[in-house]
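The first residue in the sequence is number 1, and the count goes up from there. Hydrogens, waters and symmetry mates play no part in the numbers below; they use all other heavy atoms, side chains included. Note that the coordinates shown come from a computational prediction; the quantities given were computed from them, not determined experimentally.
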Amino acid sequence: MSHQHAHHPHDFELPNLTDLGADLLKTTPRQRYIGLARPFIGLALYIFAVWQGWWIITPIIVFFIFVAIVTVTHDVVHGTIGLKDRQADWALFFMGAILMESGHAYRITHHQHHSMFPEEEDPEGYPAKIGLLGAILYGPVFLVRLWLWAFKRRPDQRGWLIIEGAIPLLTLPIGIILWETTPAILWYWSMVIVGSWVYPLLTVYFPHKDYGDTPLTQTHTLRGRIIPAIFLELTYHLEHHLYPQVPSHNLSKLSLRLDPFLEEAGVEPWHVL
């Protein structure tokens, strides 16, 4: 077996995006509109299901709302879908509000994650260091700690952070007061709050599990037909960390072009359905 350094992840040099194809950076107006519309379509489906009394399918609808919002917010945070600064601010606000989260806190901490992982100064990446059980138990405090971290370090964003942080606190009593009239508000609030508790596990621990000390070993990539499609290509986590300027809808295309380089470097994708 060859032990040449060129095939070791520590010494492997990645191609630049010019070599991989500038089309990977492209977002069409249609792709942008679809990405921004998905969460609102999901919310409309939730309201329709409640109106019809189809409570049993509401958790499934909320799951897809989560996927839609995490995907498009990710693209907004990285500036990959063509929004101007003010448009991005409002997109972060509304997308976060649907999930009772702070979009601006996410932007602040996610940029830090990309620049600092796995250093101590990366609060978003912390669950990758505390084991499976730790990541599960960390769920209820994860978003709160990210919000506090962002609030402390970005005084210029505190207006957005305060308004966004108040949304779940104000929605809870409204849902309680209106429970007898319609349980839909409190039920939705409960699902999105509890649903957010899986973030440390699914978006940090599993993608970065057993991380190494190089860009090629600090996170993983999942390959398959069904799972990546369900999660709107967010499973290509390694590709995203290597090329964060590529929008989510082009990550599968990026992965195909990157495969020969990853194989040469000895990187093995995780294969799923």
Side-chain angles (χ1 to χ4, degrees), residues 7-12 14 63-64 66-67 69-71 73-75 77-78 99 101 105-147 149 194-246 248 251-252 254-256 258-273:
H7 296 279
H8 196 284
H10 286 246
D11 303 304
F12 189 77
L14 285 167
F63 166 78
F64 283 108
F66 263 102
V67 173
I69 289 180
V70 170
T71 302
T73 305
H74 205 209
D75 286 333
V77 161
H78 286 286
L99 289 183
E101 301 171 8
Y106 172 57
R107 180 167 63 182
I108 294 166
T109 59
H110 194 64
H111 283 169
Q112 182 79 355
H113 174 60
H114 273 268
S115 64
M116 299 301 295
F117 183 84
E119 304 298 328
E120 293 298 323
E121 293 81 6
D122 172 22
E124 186 179 306
Y126 174 70
K129 306 174 183 180
I130 57 179
L132 177 62
L133 181 59
I136 294 172
L137 297 177
Y138 196 64
V141 301
F142 182 60
L143 292 183
V144 176
R145 294 196 65 180
L146 294 187
W147 186 93
W149 190 95
V194 174
S196 72
W197 295 353
V198 304
Y199 281 150
L201 183 68
L202 295 186
T203 69
V204 184
Y205 175 76
F206 282 135
H208 293 284
K209 182 178 179 293
D210 301 322
Y211 61 85
D213 56 1
T214 72
L216 288 177
T217 60
Q218 285 179 352
T219 187
H220 310 287
T221 180
L222 270 65
R223 302 299 175 79
R225 293 184 177 272
I226 299 175
I227 301 299
I230 290 175
F231 285 92
L232 298 177
E233 320 304 343
L234 289 176
T235 60
Y236 299 101
H237 205 74
L238 173 60
E239 291 84 351
H240 167 66
H241 265 262
L242 296 175
Y243 302 95
Q245 62 271 57
V246 174
S248 60
L251 287 177
S252 61
L254 169 64
S255 72
L256 294 175
L258 203 56
D259 268 348
F261 303 97
L262 296 182
E263 183 178 355
E264 184 181 351
V267 175
E268 297 184 7
W270 292 357
H271 293 282
V272 293
L273 292 176

Closest approach of F142 and P123, non-hydrogen atoms and distance? CE1-O, 4.3 Å
Side-chain contact test, heavy atoms from C-beta onward, threshold under 4.5 Å: evaluate it for F64 versus I230 and give yes or no. yes
Picking from V70, V77, D75, what satisfies side chain to side chain contact (heavy atoms under 4.5 Å, CB included) with T73? V77
Could you please spell out the steps behind the side chain to side chain contact (heavy atoms under 4.5 Å, CB included) verdict for F117 and E124? CA-CA 9 Å; F117 183 84; E124 186 179 306; over 6 Å; no
Quick check: do V194 and W197 have side-chain heavy atoms less than 4.5 Å from each other? yes
For the CG atom of L234 and the CG atom of L251, what is their distance to the nearest 0.5 Å? 8.0 Å
I need the T219 OG1 to H241 NE2 distance, nearest 0.5 Å. 5.0 Å
Residue list, ring pair (Phe, Tyr, Trp, His ring centres under 6.0 Å) with Y126, at least two apart or on another chain: Y138
Hey, does H240 have a side-chain heavy atom less than 4.5 Å from the side chain of V246? no
Indicate whether the side chain of T214 and that of T217 have a donor and an acceptor atom separated by less than 3.5 Å. yes
Quick check: H208 with H237 (ring centres under 6.0 Å apart)? yes
Restricting to pairs with a member in residues 111-121, which pass salt bridge (Lys or Arg N to Asp or Glu O under 4.0 Å), not counting sequence neighbours? E120-K129
Less than 4.5 Å apart, side chain to side chain, heavy atoms only: is that true for P118 and Q218? yes
Kindly give the heavy-atom pair with the smallest separation between T71 and S248, and that separation in Å. CG2-OG, 3.3 Å
Please find the pair of heavy atoms, one from E233 and one from S252, that lie closest to each other, and give the distance. OE1-CB, 3.7 Å
With the side chain counted from C-beta on, respond yes when L238 and L262 share a heavy-atom pair under 4.5 Å apart, and no when they do not. yes
Contact check, side chains of P215 and L242, non-hydrogen atoms, under 4.5 Å: yes
Once rounded to the nearest 0.5 Å, what's the spacing between atom OH of Y205 and atom CG of L132? 5.0 Å
Start with the C-alpha distance between H78 and H111, add both sets of side-chain angles, then the distance that settles side-chain hydrogen bond (donor to acceptor under 3.5 Å, both in side chains), and finish with yes or no. CA-CA 8 Å; H78 286 286; H111 283 169; 4.9 Å; no
Do T221 and E239 pass the side-chain hydrogen bond (donor to acceptor under 3.5 Å, both in side chains) test, and can you show the C-alpha distance, the side-chain angles, and the key distance before you say yes or no? CA-CA 7 Å; T221 180; E239 291 84 351; 2.8 Å; yes
From L99 CG over to S196 OG, what is the distance, rounded to the nearest 0.5 angstrom? 8.5 Å
So which heavy atom on G139 is nearest to which on P200, and how close? CA-CG, 3.7 Å
Sorted by chain and residue number, the ring pair (Phe, Tyr, Trp, His ring centres under 6.0 Å) partners of F231 (sequence neighbours excluded) come out as F63
Using the ring of each side chain (for Trp, its six-membered ring), is H74 parallel, tilted or perpendicular to H114, with breaks at 30° and 60°? tilted
Should H220 and F206 count as side-chain neighbours, where that means a heavy-atom distance under 4.5 Å? no
E268/R223 ion pair, N-O < 4.0 Å: no
Residue pair S255 / Y236: nearest heavy atoms and the distance that separates them: OG-CE2, 3.5 Å
Working to the nearest 0.5 angstrom, can you tell me the gap between F261 CZ and L216 CG? 12.0 Å
A side-chain contact here means heavy atoms from C-beta on lying under 4.5 Å apart; do Y199 and L143 qualify? yes
CG-OG1 distance between D122 and T109, expressed to the nearest 0.5 angstrom: 8.5 Å
Show the nearest heavy-atom pair for residues L222 and P228, with the distance to one decimal. O-CG, 4.1 Å
